[in-house]
2 protein chains.
Amino acid sequence: MSRTRRLTALTQMLAGKRYSSQDELAAALGRNGIEVTQATLSRDLRSLGVAKRAGADGSTWYELPGPAGESLDRSRQMLDLKVFVNETRLAQNLAVVKTPPGHASAVARAIDMLEFEGLVGSVAGDDTVLCVLHDTATAKRFKRHLDSIAQTTGGAQ
Amino acid sequence: MSRTRRLTALTQMLAGKRYSSQDELAAALGRNGIEVTQATLSRDLRSLGVAKRAGADGSTWYELPGPAGESLDRSRQMLDLKVFVNETRLAQNLAVVKTPPGHASAVARAIDMLEFEGLVGSVAGDDTVLCVLHDTATAKRFKRHLDSIAQTTGGAQ
DNA sequence: GTTGTTTATTCACTCACTCGCATAAGTATT
DNA sequence: AATACTTATGCGAGTGAGTGAATAAACAAC
């Protein structure tokens with residue numbers, strides 16, 4: 001069972017029902033054909049940014065981050081940036097981010113999730129994301145930041 | 001140096017100038033700060049789908065696939081399928097492929113690239129791709145095929 | 001404080017991926 | 001055919017992500 005798939009299932013389950021322990025989640029996942037240990041769940045919940053909330057009645061449950069599970073999987077957003085950002089060019093306070101065809105919207109979403117200080121907004125085409133930064137210096141910082149993420153992609157040596 | 005970045009640099013170099021041997025490419029990459037052996041280049045060129053073309057004057061050079069490098073990287077299409085196909089469900093001769101939000105068009109593109117026998121066409125929404133197969137049996141084969149690709153994503157056990 | 005429950009972490013391991021080296025295979029030239 | 005050049009591949013090594021089992025740590029209840 002792939003990790004991504006498990007995280008997706010986990011997200012859907014958390015969105016649909018309140019679970020109050022990792023063992024309970026493990027059992028529920030097991031009923032869906034996904035075998036998982038508590039140790040892995042602990043890590044999964046962290047990587048999803050899930051928080052444990054407490055109600056007034058003393059009950060507790062896991063809750064997805066953001067407004068109603070809006071941010072699905074931060075690590076996946078990072079994956080988009082790592083894998084699909086081909087190049088970042090600057091023009092004054094604008095950054096032009098090139099992606100493979102069709103990936104611009106996904107990359108734009110990931111960029112928005114960064115909540116980069118000084119990023120005013122971004123527009124996605126098919127293979128290009130136009131990012132508006134507050135000023136020229138911020139744009140340079142932004143490019144450095146993106147480049148540093150993209151660099152850490154790969155394998156050995 | 002990450003593999004992805006090297007492939008990107010390789011693509012840009014091939015788009016900008018004609019190179020006629022892998023050693024020549026290795027040297028040029030080296031001048032750009034990317035050390036690489038001929039063996040690796042051989043693999044890179046294959047994974048990019050680069051072909052060696054010959055001119056009328058007998059000269060040869062490497063050329064990116066498709067109209068002016070339109071189809072960048074087939075292995076990246078496979079990556080889309082491996083990473084971003086969350087689930088595939090069937091209804092008669094239709095297959096509904098779920099993806100993370102914003103990834104549907106990229107996954108649809110990757111699916112189209114498969115040129116799966118019996119795949120009539122596909123439509124992408126935001127997080128869903130609807131695939132029309134020729135018949136029910138073909139749809140089942142299609143799902144098995146996608147699942148086999150998606151399964152190989154993850155880690156151990 | 002002790003006990004029981006829940007969560008986080010350490011450890012050892014597997015696996016997929018990527019790479020360089022050496023070498024085989026292929027291709028052109030003479 | 002022999003030689004030189006070019007490309008592909010078998011092989012072993014290194015690396016990083018991901019995992020479960022065991023265990024430590026945190027927390028709650030009593």
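Just so we're on the same page: letters track the sequence lines, and every chain starts at 1.
Within the 4.0 Å cut-off from OP1 or OP2 of dT7(C), not a single side-chain nitrogen or oxygen of Y19(A) is found. Look at R6(B) and you won't find any side-chain N or O under 4.0 angstrom from OP1 or OP2 of dT18(C). For Q22(A), no side-chain nitrogen or oxygen approaches OP1 or OP2 of dT5(C) to under 4.0 Å.
Of the residues near DNA chain C, K52(A) and R43(A), the one whose nearest nucleotide (by heavy atom distance) lies more toward the 5' end is K52(A). If you find the closest nucleotide of DNA chain D to T40(B) and to D44(A), the one lying nearer the 5' end belongs to T40(B).
Of the candidate nucleotides dT7(D), dT7(C), dA22(D), dA22(D) has the atom nearest to the side chain of A39(A).
Here the CZ-CD distance, from R6(A) to E35(A), works out to 11.5 Å after rounding to the nearest 0.5 Å.
Between L41(B) atom CG and dT9(D) atom P there is a gap of 15 Å when expressed in whole angstrom units. Separating the CG atom of L45(A) from the P atom of dA8(C) is a distance of 8 Å, rounded to the nearest angstrom. One interatomic measurement links the two molecules: CZ of R53(A) to P of dT6(C), which rounds to 20 Å at whole-angstrom precision. Distance, L7(A) CG to dA17(D) P: 15 Å, rounded to whole Å. Rounded to whole Å, the distance from CH2 on W61(B) to P on dT7(D) is 14 Å. Going from atom CZ of R3(A) over to atom P of dG18(D) covers 5 Å, rounded to whole Å. Q38(B) has its CD atom 11 Å from the C1' atom of dT23(C), to the nearest Å.
Across all strands, S42(B) comes closer than 4.0 Å to base atoms (heavy-atom distances). Residue contacts shown for R46(A) are limited to sugar-phosphate atoms, with no base heavy atom under 4.0 Å away. Using a 4.0 Å heavy-atom cutoff across all strands shown, T60(A) reaches no nucleic acid atom at all.
For the 3.5 Å distance criterion, the side chains of K143(A) and T88(A) fail to qualify, holding no donor opposite an acceptor. If you check the side chains of S122(B) and D112(B), you find a donor sitting under 3.5 Å from an acceptor.
F84(A) does not carry K82(A) over the face of its six-membered ring by the limits of under 6.0 Å from the centre and within 45° of the normal. A cation-pi geometry, defined here as NZ or CZ lying under 6.0 Å from the six-membered ring centre and within 45° of its normal, does not hold between K140(B) and F142(B).
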